[in-house]
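Just so you know, these numbers come straight off a predicted model, no measurement behind them. Residue numbers start from 1 in every chain, and the chains themselves are labelled A, B, ... in the order their sequence lines are given, proteins ahead of strands. Because only heavy atoms are used, hydrogens play no part in the values below, and waters and symmetry mates are left out as well, while side chains stay in.
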Amino acid sequence: MTDHQYLQYMQNLQNTQATQNSQSAQNAQSAPNMQGAQNAQSAPNMQSVQGAQSNPNMQSVQGAQSNPNMQSVQGAQSNPNMQSVQGAQSTPNMQSSSNMSNMPNMQSNSNMQNMQSVQGMHSMQSCELTVEVTPLPAQTVVAMAYVPFQQFDTTYTAEKGFNQGTIFPDLDKPFTGKRGVLR
Amino acid sequence: MTDQERLMRQINSYRFMSWELHIFLDTHPNNCEAAKKLEETRKKIDELTKNYEDAYGPMGETSNQTSRWAWITGPWPWEIEEEVDN
């Protein structure tokens with residue numbers, strides 16, 4: 001997958017997210033006590049909206065969007081498309097109106113779309129998409145087992161990793177036991 | 001291990017590293033640190049591949065500096081004599 005395809009993929013994901021959020025936001029207006037509405041307001045726990053707590057992939061994607069999501073919830077009331085596209089850039093503090101006037105070369109709507117995908121590429125390279133995903137959820141449930149989510153740390157050198165079968169020291173678990181005891 | 005084998009092993013190591021980072025990014029799609037590392041690793045692979053090809057000839061049919069058939073003129077795996085380790 002090229003960088004561009006990846007970016008498109010992320011934007012699609014986030015657009016979907018924004019749509020879901022706008023639904024949540026509407027719920028918030030009509031029925032303040034619904035579960036979805038509460039989550040939409042407190043963004044960090046978005047996972048539970050989709051019941052995807054046990055799926056690390058879902059978590060990472062959703063976690064990655066927690067800030068932009070807040071925006072798209074706000075945006076859902078005024079201008080959903082704009083906000084969701086900005087969400088894709090992961091520039092949390094961007095306000096559509098003020099920023100448009102700041103950005104050079106921005107004349108038409110289609111032009112803006114191009115600009116934003118270019119900026120999206122740029123932000124990916126300058127690492128603004130990085131979002132911490134904690135090893136374990138902030139709230140854990142009794143009687144459920146959790147596997148800590150792998151964090152990016154130092155890696156072995158290529159040669160060492162090739163020998164060990166993994167470049168991640170965290171995952172380097174050579175088998176040293178025999179019949180329950182260390183050899 | 002000859003220089004050629006050593007270089008080949010180094011290339012394989014970096015290829016393995018890029019694959020490891022690739023599958024890491026499958027589950028951590030927003031991790032830029034890993035993405036950066038992958039970028040560096042790919043550059044390194046290109047560099048080493050170039051070194052190898054300059055010295056020992058094309059590595060595969062996708063190589064820049066080969067004709068369609070040149071790359072298979074080298075010894076086939078069963079034609080390479082290796083010490084038997086028993």
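Using a 4.5 Å heavy-atom cutoff, the side chains of A:T155 and B:M17 are in contact. Here the side chains of A:I167 and B:W19 are not in contact, with every heavy-atom distance at 4.5 Å or above.
Minimum heavy-atom separation, B:T27 to A:F149: O-CZ, 3.4 Å. Of all the heavy atoms in A:G161 and B:F16, the pair that sits closest is O-CE2, 3.3 Å.
Only the side chain of B:K37 comes within less than 4.5 Å of a heavy atom of chain A; its backbone N, CA, C and O stay farther away.
With values rounded to the nearest 0.5 angstrom, B:E20 atom CD is found 11.5 Å from A:Y156 atom OH.
Checked options B:R9, B:Q10, B:R15; the residue passing with A:F162 is B:R9 (criterion: side chain to side chain contact (heavy atoms under 4.5 Å, CB included)).
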